[in-house]
Amino acid sequence: MKSYRKELWFETKKRREFINITGEVERALKESGIKEGFVLVNAMHITASVFINDDESGLHQDFEEWLEGLAPEKPYSRYKHNGFEDNADAHLKRTIMGREVVVAVTNGKLDFGPWEQIFYGEFDGKRRKRVLIKIIGE
Ligand code: ZN
């Protein structure tokens with residue numbers, strides 16, 4: 001069995017952003033040389049997500065509004081976590097959107113269903129953060 005590890009780094013300009021990282025994951029898969037196996041992609045921070053969904057801007061706005069409805073950023077004072085920080089909403093948003101995804105690798109390709117794309121979801125950005133890609137197989 002082979003394994004391959006890679007980190008992707010991000011520093012978003014905005015507090016919240018969705019970034020399509022499918023191409024980066026495909027590049028890592030190519031570098032690994034693995035043809036059959038699994039790719040794990042996970043956020044390495046507890047205020048960011050990795051998730052799979054459609055790359056459609058209306059849907060991304062819907063996610064933003066839905067998440068703001070569930071866990072609004074402000075007022076910061078509404079959250080007990082916000083004693084030394086202001087990112088309680090980001091922890092909650094990350095929990096809903098998930099920590100990681102696993103994708104099957106078949107014939108050297110990500111074995112997606114229709115319209116599936118991998119996203120990095122940033123909820124407390126403007127600083128350097130990273131995503132782990134781990135690929136195992138042969
Ligand atoms: Zn925090």
Side-chain angles (χ1 to χ4, degrees):
M1 190 197 75
K2 284 199 272 190
S3 80
Y4 184 81
R5 182 187 190 278
K6 186 176 188 179
E7 292 178 2
L8 305 178
W9 287 83
F10 302 92
E11 185 168 359
T12 60
K13 292 207 169 64
K14 290 185 286 177
R15 179 175 168 110
R16 287 190 291 280
E17 246 173 76
F18 295 136
I19 299 169
N20 188 333
I21 60 170
T22 311
E24 300 274 4
V25 177
E26 285 170 342
R27 189 168 309 133
L29 178 57
K30 208 168 197 183
E31 289 160 5
S32 77
I34 291 168
K35 302 288 181 212
E36 296 291 327
F38 292 100
V39 181
L40 165 75
V41 189
N42 69 267
M44 296 182 83
H45 302 265
I46 52 179
T47 53
S49 289
V50 172
F51 63 94
I52 290 181
N53 220 301
D54 195 359
D55 195 357
E56 197 277 308
S57 61
L59 179 65
H60 292 187
Q61 274 173 269
D62 292 337
F63 275 133
E64 163 66 16
E65 284 167 30
W66 178 63
L67 291 167
E68 269 300 285
L70 288 171
E73 178 188 340
K74 293 170 185 168
Y76 296 122
S77 60
R78 71 180 268 151
Y79 300 105
K80 293 183 178 66
H81 178 66
N82 285 344
F84 301 94
E85 295 185 289
D86 65 3
N87 66 1
D89 70 301
H91 289 281
L92 299 176
K93 286 164 176 147
R94 174 267 164 86
T95 302
I96 293 271
M97 296 302 284
R99 171 182 181 267
E100 78 277 305
V101 301
V102 176
V103 181
V105 174
T106 305
N107 283 327
K109 296 234 157 53
L110 298 174
D111 203 340
F112 282 137
W115 304 109
E116 285 192 319
Q117 295 282 291
I118 306 171
F119 292 89
Y120 175 63
E122 177 61 82
F123 303 112
D124 184 23
K126 302 186 205 172
R127 56 199 172 95
R128 274 170 62 73
K129 291 165 80 167
R130 62 201 160 131
V131 160
L132 174 66
I133 300 174
K134 182 87 180 191
I135 309 170
I136 57 169
E138 55 187 25

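Start at 1 and go down the list; that is how both ligands and their atoms are numbered.
- None of the N, O or S atoms belonging to Asp124 lies under 2.8 Å away from the Zn ion (ligand 1).
- Among the atoms of Asn82, no N, O or S atom is found under 2.8 Å from the Zn ion (ligand 1).
- Taking the six-membered ring where tryptophan is involved, the planes of Phe51 and Phe119 are essentially parallel, since the angle between them stays under 30° and well short of 60°.
- For the residue pair Asn20/Gln117, the side-chain donor-acceptor check at 3.5 Å is satisfied.
- Across Asn42 and Val50, no two heavy atoms sit closer than the pair C-CG2, 3.8 Å.
- Angle OE1(Glu85) to the Zn ion (ligand 1) to OD1(Asn87): 100° [nearest 10 degrees].
- Classification of the His81-His91 ring pair by plane angle, with boundaries at 30° and 60°, yields perpendicular.
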